[in-house]
Amino acid sequence: MNIIFDLDGTLIDSKQRLYQLFQQLVSASTLTFDQYWQFKHNRLSNELILSTEFGYSDIEIHRFVSAWMGLIESPEFLAMDSNFEGVKDTLSRLGSHARLHVCTARQSRESAVTQLESLGLSNYFERLMVTEQKHSKTSIIDRQVSDLAPEDWLIGDTGSDIKVAHSLGINSCAVLSGFMSHEALLTYKPTRIIDSVLAFVL
Ligand SMILES: [Mg+2]
């Protein structure tokens with residue numbers, strides 16, 4: 001059996017990184033961490049927050065997006081991420097019953113490899129798949145996990161993760177530890193919804 005994990009919001013907590021970068025790039029923002037994540041849980045993108053709350057023009061939003069993409073995976077910001085507490089125990093429990101993989105939509109494979117090593121997570125996984133914004137998660141998993149079967153699982157915190165599982169014909173498990181609310185995730189019809197990856201059982 002294969003279990004494929006999303007990275008941000010699923011195995012590691014990256015909310016501080018995203019919030020801190022938003023605050024750095026938007027000097028007018030006085031949003032608290034909770035207010036920012038309340039917007040995100042209500043499915044507001046950064047672009048929408050910028051236009052509705054801060055009156056950004058299209059050009060200003062375009063500038064924000066390029067600056068965001070340039071900094072979001074920099075070592076300074078990646079250092080703000082941490083493992084969800086207990087995630088290593090969960091991975092070692094699941095690793096004795098299944099082959100574990102990571103699939104992330106990060107831009108840089110190299111920085112993802114370095115980060116997994118520094119967080120002590122790399123040894124739990126057979127394969128790290130990084131789309132580098134050039135491939136879809138569906139195509140990269142389809143190509144790299146050769147023995148994919150309907151009883152396999154994809155675990156992630158977003159609607160797009162669930163859609164990937166549907167298109168691969170495998171089970172999907174949505175986690176509430178990341179970027180989307182229970183209500184929003186339900187609309188994608190995942191096989192299961194759980195609080196965090198720690199609650200996942202086969
Ligand atoms: Mg995620």
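Only this structure's heavy atoms are used, side chains among them; waters, hydrogens and symmetry mates stay out. We count ligands from 1, going down the list as the structure has it; atoms in each ligand are counted the same way.
For Ser92, the side chain to side chain contact (heavy atoms under 4.5 Å, CB included) partners are Tyr124, not counting sequence neighbours. Arg127 meets the side chain to side chain donor-acceptor pair (under 3.5 Å) test with His101; sequence neighbours excluded. Take Phe64 and apply the ring-ring contact (aromatic ring centres under 6.0 Å, His included) test, not counting sequence neighbours, and it matches Phe22, Trp68.
Residue-environment remark: CG (Asp195) stays at or below the threshold of 12 foreign heavy atoms within 6.0 Å.
Residue Glu183 holds its CD atom at 12.0 Å from CG of Leu176, rounded to the nearest 0.5 Å.
Using bins of under 30°, 30° to 60° and over 60° for the plane-to-plane angle, the ring pair His41/Trp37 lands in the tilted bin.
Distances under 2.8 Å from the Mg ion (ligand 1) pick out the protein N/O/S atoms Asp6 OD2, Asp8 O, Asp157 OD1.
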